[in-house]
Amino acid sequence: MNAISPREAAVSVRGLSKAYRGQPVHAGLDLDLRRGDILSVFGPNGCGKSTLINMMAGLLEADSGSVLFDGRTVREARIGYVFQNYREALLPWRRAADNIRYPLRLMGQPRAQVERRLEQLVAAFQVRFDLQRYPYELSGGQQQLVSVMRALAVEPEVLFLDEPFSALDYETTLSLRELLGRVLKENRITAMLVSHDLEESIALSDRVLMLTRRPARIVDDVPVPLPWPRDAATLSSPEFVAIKKRCLDVFTASVRARPEAA
Ligand SMILES: Nc1ncnc2c1ncn2[C@@H]1O[C@H](COP(=O)(O)OP(=O)(O)OP(=O)(O)O)[C@@H](O)[C@H]1O
């Protein structure tokens, strides 16, 4: 397991518990997320990955336990969230650029500051398509990129992403993943990602948290010490393949184990 001293922790989760209709999904989960780290959560279907990040992001109330961002609650912290379903996440009646400006305007930022932030994001993500278009005029990949830019517009302390690329084709996924990884690392943004895709969980993270079936238990906390930036070539490196094998072995063992033995 990775040892993270409490002083380094950007996010500290203690005793987080949640049950649906009396059936526990999480029962006393502890987790520390270091500043600037990207953590992926991987586990079998329905083990509680979305429930976990939604509780951490303040979208879902926990039954008990705490989530602190450098000692502050989620209401006092600045977080960003990227949803899987970008079609529903973007405001269809606003142009792409206005979708990105929207949270900054809500915060009451002056116009010049909003425009400066938009320009920074356009440069960081090397946007070449027309942000004056409406979401429905953009491809799925472009829409999800707009969602990511909107989530990052507020300069979040932590960015949460739930299956951000699962509705996109492989080529688009690869290029968005590469771009996002580079921007997160260059800006030392702490992030937490849920993905069904083991390759993605490894490629885009510094640690992969492996969960069992519900009630979810952390069976392994796999470090991913691969250099950044990462690209398609990273996926076939011997180090990547070895990490993937470790994760697969843990996954297979924990999924095959009967719940009471897991
Ligand atoms: N609002 C709800 N009411 C009842 N049960 C729920 C609710 N939300 C989730 N569940 C159940 O809790 C469990 C965990 O759900 P969650 O979506 O967190 O898992 P997940 O690991 O993200 O799933 P998936 O791999 O399918 O994306 C699942 O068994 C799900 O059916």
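In this chain, residues are counted from 1 in sequence order. Each ligand, and each atom within it, is numbered from 1 in the order the structure gives.
A salt bridge does not link Glu155 with Arg78: every distance from a Lys NZ or Arg NE/NH1/NH2 to an Asp or Glu carboxylate oxygen is 4.0 Å or more. Using a 4.0 Å cut-off between charged side-chain N and carboxylate O, Asp32 and Arg14 make a salt bridge. The pair Glu115-Arg101 counts as a salt bridge, with a side-chain nitrogen and a carboxylate oxygen less than 4.0 angstrom apart.
Looking only at distances, a side-chain donor or acceptor of Arg117 sits under 3.5 Å from a matching main-chain atom of Leu152. Looking only at distances, a side-chain donor or acceptor of Thr212 sits under 3.5 Å from a matching main-chain atom of Arg217. A donor-acceptor contact shorter than 3.5 Å is absent between the side chain of Glu178 and the backbone of Asp231.
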Which pairs of donor and acceptor atoms, one on a side chain in residues 43-54, lie under 3.5 Å apart (sequence neighbours left out)?
{"unit_1": "Asn45", "atom_1": "OD1", "unit_2": "His196", "atom_2": "NE2", "d": "3.0"}
{"unit_1": "Lys49", "atom_1": "NZ", "unit_2": "Gly43", "atom_2": "O", "d": "3.1"}
{"unit_1": "Lys49", "atom_1": "NZ", "unit_2": "Pro44", "atom_2": "O", "d": "3.1"}
{"unit_1": "Ser50", "atom_1": "OG", "unit_2": "Asp162", "atom_2": "OD2", "d": "3.0"}
{"unit_1": "Thr51", "atom_1": "OG1", "unit_2": "Tyr20", "atom_2": "OH", "d": "3.3"}
{"unit_1": "Asn54", "atom_1": "OD1", "unit_2": "Tyr81", "atom_2": "OH", "d": "2.4"}
{"unit_1": "Asn54", "atom_1": "ND2", "unit_2": "Ser50", "atom_2": "O", "d": "3.3"}

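Of the protein's non-hydrogen atoms, Ser50 CB, 3.8 Å is the one closest to atom 17 (O) of ligand 1. The shortest contact between atom 18 (O) of ligand 1 and any protein heavy atom is with Thr51 OG1, 2.5 Å. Closest to atom 19 (O) of ligand 1 among all protein heavy atoms lies Gly48 N, 3.2 Å. With hydrogens left out, the protein atom closest to atom 8 (N) of ligand 1 is Tyr20 CZ, 3.3 Å, a heavy atom. For atom 20 (P) of ligand 1, the nearest protein heavy atom (residue, atom name, distance) is Lys49 N, 3.5 Å. The protein heavy atom nearest to atom 29 (O) of ligand 1 is Arg214 NH1, 2.8 Å.
The contact set between ligand 1 and Val25, taken as ligand atoms under 4.0 Å from a residue heavy atom, comprises 12 (O), 14 (C). Of all atoms in ligand 1, numbered sequentially from 1 with element shown, those under 4.0 Å from a heavy atom of Cys47 are 19 (O), 21 (O).
On a distance-only criterion, Leu52 and ligand 1 share no N/O pair closer than 3.5 Å.
Between Asp63 and Ala19, the shortest heavy-atom distance links the atoms OD2-N, 2.8 Å.
Nearest to atom 13 (C) of ligand 1 by heavy-atom distance, out of Pro215, Gly46, Ser166, is Gly46.
Contact annotation: His196 has at least one heavy atom less than 4.0 Å from an atom of ligand 1. Heavy-atom separations between Arg21 and ligand 1 include at least one value shorter than 4.0 Å.
The salt bridge (charged side-chain N to carboxylate O under 4.0 Å, His left out) analysis of residues 185-197, with sequence neighbours excluded, yields the pairs Arg182-Glu186, Lys185-Asp206.
Using a 4.0 Å threshold on non-hydrogen atoms, atom 3 (N) of ligand 1 counts as touching the protein.
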